[in-house]
Amino acid sequence: MASSPTVYRSSDTDGVEALHQLVLASLDDDQAVETVSIPLAGKSSIADHMVIASGRSTRQVASMAQKLSEKIKSELGRTPRIEGLPTADWVLIDAGDVIVHLFRPEVRSFYNLERMWAFGDAPTAVPDPGPDPAQA
């Protein structure tokens, strides 16, 4: 039986935040749509953050997932677990302290994870930085 890669949970808050910021930056770079970050610290033991975002197509969802996984491995030395990549309607990336859900829009609205995990609080929408002035 093949063993799955170890997913690391860290007690280092700086390391957790570095991972969280890397996830958000990678999704922003790949033009993810409607990125939301839900803080889970103190509310759930599965992770400190859950990030939910959409891609416009299965191709974009798969590409975002692969790039994010590669960045986490190369920059932080972690090997995240990925589920759902072959169909790319809903891809789950478990990086330990941060769990990422990438959806096609129709699938995201059907499952509505934001509402399920809101704990009575509104999820934190990640602000769109707007057009890049360097590209103007």
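Heads up: numbering here begins at 1 and tracks the sequence. Quick caveat: nothing in here was measured; it's all calculated off a predicted structure.
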- Any chance you could measure L19, atom CG, to L76, atom CG, to the nearest 0.5 Å? 6.0 Å
- Task: Take K71 and D29 through the side chain to side chain contact (heavy atoms under 4.5 Å, CB included) test and state the conclusion after the steps.
- Result: CA-CA 12 Å; K71 284 181 183 179; D29 289 347; 3.6 Å; yes
Which atom pairs, donor and acceptor, lie under 3.5 Å between side-chain atoms of residues 20-27 and protein residues at least two apart or in another chain?
unit_1	atom_1	unit_2	atom_2	d
H20	ND1	E17	OE2	3.4
H20	NE2	S37	OG	2.7
Q21	NE2	E17	OE2	2.8

- Could you give me the CA-CA distance, side-chain angles and deciding distance for D94 and E83, then say whether side chain to side chain contact (heavy atoms under 4.5 Å, CB included) is met? CA-CA 9 Å; D94 182 353; E83 298 290 334; over 6 Å; no
- Can you measure from NE2 (H49) to CD1 (I38) and round to the nearest 0.5 angstrom? 11.5 Å
- Message: According to ring-ring contact (aromatic ring centres under 6.0 Å, His included), does anything in residues 50-91 pair up with another residue at least two apart or in another chain? List the pairs.
- Response: W90-H101, W90-F103, W90-Y111
- Task: Grab the two heavy atoms, one from G84 and one from V91, that are nearest each other, plus how far apart they are.
- Result: O-CG2, 3.6 Å
Below 3.5 Å, can you tabulate the donor-acceptor pairs from side chains in residues 55-66 to any protein atom, sequence neighbours excluded?
unit_1	atom_1	unit_2	atom_2	d
R56	NH1	Q31	O	3.3
S57	OG	R59	N	3.4
S57	OG	Q60	N	3.1
Q60	OE1	R56	N	2.5
Q60	NE2	D30	O	3.0
Q60	NE2	Q31	O	3.1

- What one should report as the nearest heavy-atom pair of A32 and T35 is CB-OG1, 3.7 Å
- Task: Working to the nearest 0.5 Å, report the span between CG of L68 and CD1 of I82.
- Result: 8.0 Å
- Do L113 and I46 belong to the same hydrophobic cluster, where Ile, Leu, Val, Met, Phe, Trp and Tyr are linked whenever their side-chain heavy atoms lie under 4.5 Å apart, directly or via other members? yes
- Applying ring pair (Phe, Tyr, Trp, His ring centres under 6.0 Å) to F110 and not counting sequence neighbours gives none
- Note on the structure: Value for CG (D48) from CD1 (I99), rounded to nearest 0.5 Å, stands at 10.0 Å
- Query: Listed by chain and number, what are the side-chain hydrogen bond (donor to acceptor under 3.5 Å, both in side chains) partners of S54, not counting sequence neighbours?
  - Reply: R108
- Message: List the residues meeting side-chain contact (heavy atoms from CB on, under 4.5 Å) with N112, not counting sequence neighbours, and say none if there are none.
- Response: E114, R115
- For D89, what residues pass the side-chain hydrogen bond (donor to acceptor under 3.5 Å, both in side chains) criterion, not counting sequence neighbours? R104
